[in-house]
Amino acid sequence: MPAMILEDHEQGEVGRLASRDLDGIAQYIADHARQVVVLCGAGISTSAGIPDFRSPGTGLYHNLQRFALPEAEAIFDLTYFQKHPDAFYELCREMWPGNYAPTACHYFIRLLSDKGILQRCYTQNIDSLEHAAGIPFDLLVAAHGNFDAAHVVDDNVGLASSYDVDITELQDALHDPGDEGWQELREYHGGLVKPKIVFFGEDLPERFFQLQKADLAKCDLLIVMGTSLQVSPFNTLLSLTPEHVPRLLINREAVGSCEELANGFNFDQFDSDCQDVFYQGDCDAGIESLAERLGWLTDLRKLVAMGRQEAEELQHSEKLPCHSAFTDECHETF
Ligand code: OAD
């Protein structure tokens, strides 16, 4: 491979990719990248058995007919939740963390962290699999919240603004099928209890806004995986990457193009300084190819196997709500 040329950059050094493909990215990681920022979405968790949102046929929004929602996004709409909480609670039962094991993508991010070159991982996912994979909390931004915390949504005010509740209260309330559990919890707290998952119309966590500017300014490699980049403000993170920083998209289809988003991807212009690389395909396959080129594949596979075993053990030892819709199995664990 040709040697890389380094050029000065205000907030660090932007290296040149030897080639605009996985080989080039792997060499760049090995030789240069020290502040990698990862942006990810539902596509990194589909191989764990959790559907994404927008894939035709298999995405969650396509498969919500059983809840008779006015439109699919209503499942994450505060006003709808306050009127018809049962649909969202049913979804909570299915998505509750612990029922699923992290994928190769989650563990690849963990390896970046272990090697001290992860600046931050911004995830849109609410499955907490990044943390389950061992990525420390301080290197994570759960931009759309997750099941780590819960709060009471005031029935009258219409805003999820009131006090925090221990998430285990909600977990216990949802353990058994039916509405009794969450109804009792609502009565006890004087309002519906909701995991701190960001609904449409709610603000993203402050951490998202506090860290983004500095993280992206420092970033010397951006990896985007498994997201349609359709949801704002998450997709505006792309606009913050410094010019010419190498960026890798791993996804089934090209997303976030420069025609759609400010400073969006440009995979076609080979004569420019642009260093955007697109791996089209499954996230796990792309990540495994990258890991192989880096000599990390054995470690990655060990972590994936360990994660599967841990998730299995957890399912047999903890009080997880039963889920049945995403997989054929019901992980009833009492
Ligand atoms: P989407 O469902 O919008 O997009 C997932 C993307 O990943 C699509 O481009 C898929 O083609 C791709 N994909 C799916 N499985 C894949 C795989 N195994 N390998 C490669 N690519 C794959 O999901 P997000 O972009 O994450 O909000 O959606 C963003 C937000 O919209 C979510 O966080 C959610 C939703 O409203 C909340 O949960 C609050």
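Both counts, for ligands and for their atoms, begin at 1 and track the order of listing. The analysis underlying the following values was restricted to heavy atoms, covering all of them including side chains, and did not include hydrogens, waters or symmetry mates.
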Problem - Heavy-atom neighbours of Phe209 CZ exceed 12 at 6.0 Å - result: yes

Practice task
Check the surroundings of atom CD in Glu180: do more than 12 heavy atoms from other residues, nucleotides or ligands lie under 6.0 Å from it?
Solution key: no

Practice task
Would you indicate whether Asp203, at its atom CG, is surrounded by more than 12 heavy atoms from other residues, nucleotides or ligands within a distance under 6.0 Å?
Solution key: no

Completion exercise
Sorted by chain and residue number, the side chain to side chain contact (heavy atoms under 4.5 Å, CB included) partners of Glu71 (sequence neighbours excluded) come out as Glu73, Ala74

Exercise for the section: Establish, yes or no, whether the cationic atom of Lys194 lies under 6.0 Å from the six-membered ring centre of Phe81 and within 45° of the ring axis. Expected result: no

Exercise for the section: Flag the pair Asp220 and Arg34 as a salt bridge only when some basic side-chain nitrogen lies within less than 4.0 angstrom of an acidic carboxylate oxygen. Expected result: no

Problem - Residues in the immediate environment of ligand 1 (any heavy atom closer than 4.0 angstrom) - result: Gly41, Ala42, Gly43, Thr46, Asp52, Phe53, Arg54, Ser55, Tyr61, Phe76, Gln124, Ile126, His144, Val198, Phe200, Gly226, Thr227, Ser228, Val231, Asn251, Arg252, Glu253, Gly281, Asp282, Cys283

